[in-house]
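All values reported here derive from a predicted model rather than from experimental measurement.
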Amino acid sequence: MTRHLFHFDLKPRNNYGDTVLFELVRQLFDGYSGREKFLVTSTTNLRHVVGPRTVEQINAESDAVVLGGGGLMLRSTNENANAGWQWNIGLDRLAAIAVPLVVFAVGYNRFEGEPEFEPVFTEHLNATVEKAAFFGVRNHGSMEAVRGYLRPELAGKVLFQPCPTTVASHLVPDLYVPDLAPERRVGLQVTFEARNELAGFDGREVFAGLLTVARDLRRRGYELDVISHSDVDDAFADHLRDHGVPARHVRLHAAPRGLFDGLAYYGRLPLTIGMRGHGQMIPFGMGNGIVSVAARRKLAYFVDDLGRPDLAVEPRGDGWTTRVLDLVERWFGDPDGERAAFAVARERLWRTTLDNLGLISSTLTGDAGDPDAFVPMTPFERELALNTYTSARTADVEAGRAQRLRDELVQTRSALARAERDLRRSQDEIARGGLHLIYRNARRRVGRVVRGRG
């Protein structure tokens with residue numbers, strides 16, 4: 001019997017990695033065991049406040065809830081007092097969900113140097129892990145960080161579940177190129193945010209170093225692509241252009257119907273130098289070589305799980321740009337051998353994923369199903385999925401707008417209530433003491449305001 005799943009997800013247009021990630025989660029569940037075990041039938045934005053109607057819908061219409069993937073354990077995005085991390089559900093609503101909860105391929109994403117999570121995060125995370133029928137984290141570094149917040153008896157529930165983007169070649173096999181021609185082309189996916197500075201990195205130095213890398217690669221005969229997953233990534237394309245370095249600019253987040261185009265693009269690119277988590281996981285999943293410019297811990301976590309910690313280069317100190325160039329040359333020195341080694345690593349992540357889906361299936365249905373009977377979507381089915389995604393995203397945007405209007409209405413009502421209380425107080429003063437009291441009190445209030453401004 002197929003189990004109907006409710007998916008807490010994101011549908012952003014401003015971050016290609018998150019855009020495609022959640023769609024691959026759905027395709028992974030839907031295709032498992034000959035498409036006979038799971039079907040995602042409803043989705044909603046995990047950053048929106050989970051209200052009673054959503055919980056009622058889940059309990060009435062769904063057999064289980066899936067949360068994830070993505071780096072959801074982050075306090076600075078969607079900051080809220082309900083949970084302290086991106087999933088915006090209060091403890092009472094979490095407890096009211098009456099169907100099994102599957103947390104899938106999430107990551108610990110707190111930036112180095114950022115403040116610690118608020119106390120509610122620890123309480124909420126423990127409640128979430130305790131409730132979960134499956135709690136899968138996307139790398140072993142995140143697993144250790146998460147366990148540090150948990151009660152000892154819950155630590156064993158945290159399991160390794162790779163991000164579905166890392167096994168994308170199995171999910172979209174027609175877009176994967178097994179025998180890629182050895183074109184000398186390198187992608188540069190470069191991003192730098194203010195949060196990176198908290199970890200002690202200097203954006204000007206990073207850009208200057210990668211400008212040196214780009215110039216050196218051009219001198220060695222490589223063609224360059226600058227890859228944008230988000231608007232903020234466009235800055236490096238401008239940087240190269242301003243310094244006269246030729247490069248093609250590939251804006252993966254900008255195509256209105258480009259949900260899967262980025263996978264096809266990465267399937268034909270030999271190697272990516274990347275600074276985003278998904279700027280490395282997606283290329284790897286589609287057969288790319290990768291070199292991680294690791295201004296974030298999660299990039300090092302990922303290559304550690306591949307058994308290739310040498311692929312993470314911290315962009316500071318002396319000699320880091322030389323290390324990047326050496327890693328590029330090593331890949332192109334034996335592209336077939338390097339791709340074959342990555343294929344073995346990708347197969348290991350795929351087997352882990354299928355084993356976890358079997359465990360989830362056993363928990364929800366009593367039967368693990370057939371992990372070797374995975375059925376990927378056809379190109380036509382992906383087109384239908386894209387249409388569904390586009391419609392759902394429109395509904396999500398409208399839901400967000402409605403929530404903002406409700407919040408503004410609450411604020412307006414509060415302001416109106418305060419004004420009514422002030423009016424009643426003035427009327428009471430008039431009734432008790434006459435106009436001279438009103439005048440005296442008004443002068444006092446004005447004096448306090450003036451002194452406050454001074």
Handout entry: Phe302 and Phe284 aromatic centres sub-6.0 Å
Key = yes
Exercise for the section: Could you check Arg346 against Thr166 for side-chain hydrogen bond (donor to acceptor under 3.5 Å, both in side chains), going step by step and ending with a plain yes or no? Expected result: CA-CA 7 Å; Arg346 194 163 56 252; Thr166 66; over 6 Å; no
Problem - Ion pair Arg276/Asp233, N-O distance below 4.0 Å - result: yes
Practice task
Please step through side chain to side chain contact (heavy atoms under 4.5 Å, CB included) for the pair Thr365 and Arg3, ending with a clear verdict.
Solution key: CA-CA 8 Å; Thr365 73; Arg3 293 302 193 266; 3.6 Å; yes
Problem - Step-by-step side chain to side chain contact (heavy atoms under 4.5 Å, CB included) determination, Leu21 to His278 - result: CA-CA 9 Å; Leu21 157 64; His278 284 123; 3.8 Å; yes
Handout entry: Side chain to side chain, Gln27 and Glu381, heavy atoms closer than 4.5 Å
Key = no
Problem - Residues Glu23 and Lys11 bridged, charged N to O under 4.0 Å - result: no
Practice task
Apply side-chain hydrogen bond (donor to acceptor under 3.5 Å, both in side chains) to Ser230 and Asn14, showing your working.
Solution key: CA-CA 5 Å; Ser230 179; Asn14 62 343; 5.4 Å; no
Problem - side chain to side chain contact (heavy atoms under 4.5 Å, CB included), paired with Ile227, selected from Leu188, Thr272, Ile273 - result: Thr272
Problem - Phe29 ring center near Phe104 ring center (under 6.0 Å) - result: yes
Handout entry: Modelled atom types, side-chain donor and acceptor of Thr2 and Glu36, under 3.5 Å
Key = no
Handout entry: pair Leu5-Leu39: side-chain heavy atoms closer than 4.5 Å
Key = no
Handout entry: Cation over ring face, Arg75 and Phe117, 6.0 Å, 45°
Key = no
Practice task
Taking only Lys NZ, Arg NE, NH1 and NH2, and the carboxylate oxygens of Asp or Glu, determine whether Arg316 and Asp202 approach each other closer than 4.0 Å.
Solution key: no
Handout entry: Arg330 bridged to Asp310 by N-O distance under 4.0 Å
Key = yes
Problem - Ring centroid separation Tyr389 to Phe22 under 6.0 Å - result: no
Completion exercise
All heavy atoms of Leu67 vs all of Val106, minimum pair found to be O-CG1, 4.1 Å
Handout entry: Any side-chain donor near an acceptor of the partner, Asp370 and Ser33, under 3.5 Å
Key = no
Exercise for the section: Could you walk me through whether Val186 and Phe332 pass side chain to side chain contact (heavy atoms under 4.5 Å, CB included), step by step? Expected result: CA-CA 10 Å; Val186 173; Phe332 281 95; 3.8 Å; yes
Exercise for the section: Over 60° means perpendicular and under 30° means parallel, so classify the ring planes of Phe160 and His140, tilted if in between. Expected result: tilted
Problem - Note: Arg110-Glu116 ion pair, threshold 4.0 Å (strictly below) - result: yes
Exercise for the section: For a side chain to side chain contact (heavy atoms under 4.5 Å, CB included) with Leu72, tell me which candidate from Asn109, Leu46, Thr77 qualifies. Expected result: Leu46
Practice task
Using distance alone, with no hydrogens and no angle criterion, decide if Gln161 and Thr353 have a side-chain donor and acceptor under 3.5 Å apart.
Solution key: yes
Exercise for the section: Hey, can you tell me if Phe121 and Trp85 have their rings parallel, tilted or perpendicular (30° and 60° cut-offs)? Expected result: perpendicular
Problem - Any side-chain donor near an acceptor of the partner, Asp305 and Asn139, under 3.5 Å - result: no
Problem - Atom pair CD (Glu314) and OG (Ser292), whose distance is rounded to the nearest 0.5 Å - result: 12.0 Å
Exercise for the section: Can you label the angle between the Tyr108 ring and the Tyr149 ring as parallel, tilted or perpendicular, going by 30° and 60°? Expected result: tilted
Problem - Ile360 side chain reached by Val102 side chain, heavy atoms, under 4.5 Å - result: yes
Fill in the blank from the handout: CE of Met275 to CZ of Phe236, rounded to nearest 0.5 Å, is 9.5 Å
Fill in the blank from the handout: In terms of heavy-atom contacts, Val25 and Pro164 come closest through CG2-CG, 3.7 Å
Handout entry: Asp336 and Arg339 ion-paired at < 4.0 Å
Key = no
Exercise for the section: Decide yes or no for Val226 and Val250: does some side-chain heavy atom of the first lie under 4.5 Å from some side-chain heavy atom of the second? Expected result: no
Exercise for the section: With the side chain counted from C-beta on, respond yes when Glu112 and Arg297 share a heavy-atom pair under 4.5 Å apart, and no when they do not. Expected result: yes
Handout entry: With sequence neighbours excluded, residues passing salt bridge (charged side-chain N to carboxylate O under 4.0 Å, His left out) with Asp225
Key = Arg185, Arg248
Problem - Check against ring-ring contact (aromatic ring centres under 6.0 Å, His included), Tyr16 and His229 - result: CA-CA 5 Å; Tyr16 178 72; His229 282 210; 5.7 Å; yes
Practice task
Give a yes-or-no answer on whether the side chains of His253 and Thr19 include a donor-acceptor pair shorter than 3.5 Å.
Solution key: no
Completion exercise
Of all heavy-atom pairs linking Ala132 and Lys157, the shortest is O-NZ, 2.7 Å
Exercise for the section: Classify the ring geometry between His170 and Trp350 as parallel (under 30°), tilted (30 to 60°) or perpendicular (over 60°). Expected result: parallel
Handout entry: Residue pair Leu299, Arg296: steps toward the side chain to side chain contact (heavy atoms under 4.5 Å, CB included) verdict
Key = CA-CA 6 Å; Leu299 283 97; Arg296 293 288 312 278; 3.6 Å; yes
Practice task
Taking the side chain as every heavy atom from C-beta outward, state whether Glu114 and Arg195 have any atom pair closer than 4.5 Å.
Solution key: yes
Practice task
For residues Tyr32 and Ser361, report the shortest heavy-atom separation together with the two atoms involved.
Solution key: CE2-CB, 4.1 Å
Handout entry: Met281 to Cys163 - nearest heavy-atom pair and separation
Key = SD-CB, 3.7 Å
Exercise for the section: Output the distance between atom CG (Leu171) and atom OH (Tyr176), rounded to the nearest 0.5 Å. Expected result: 13.5 Å
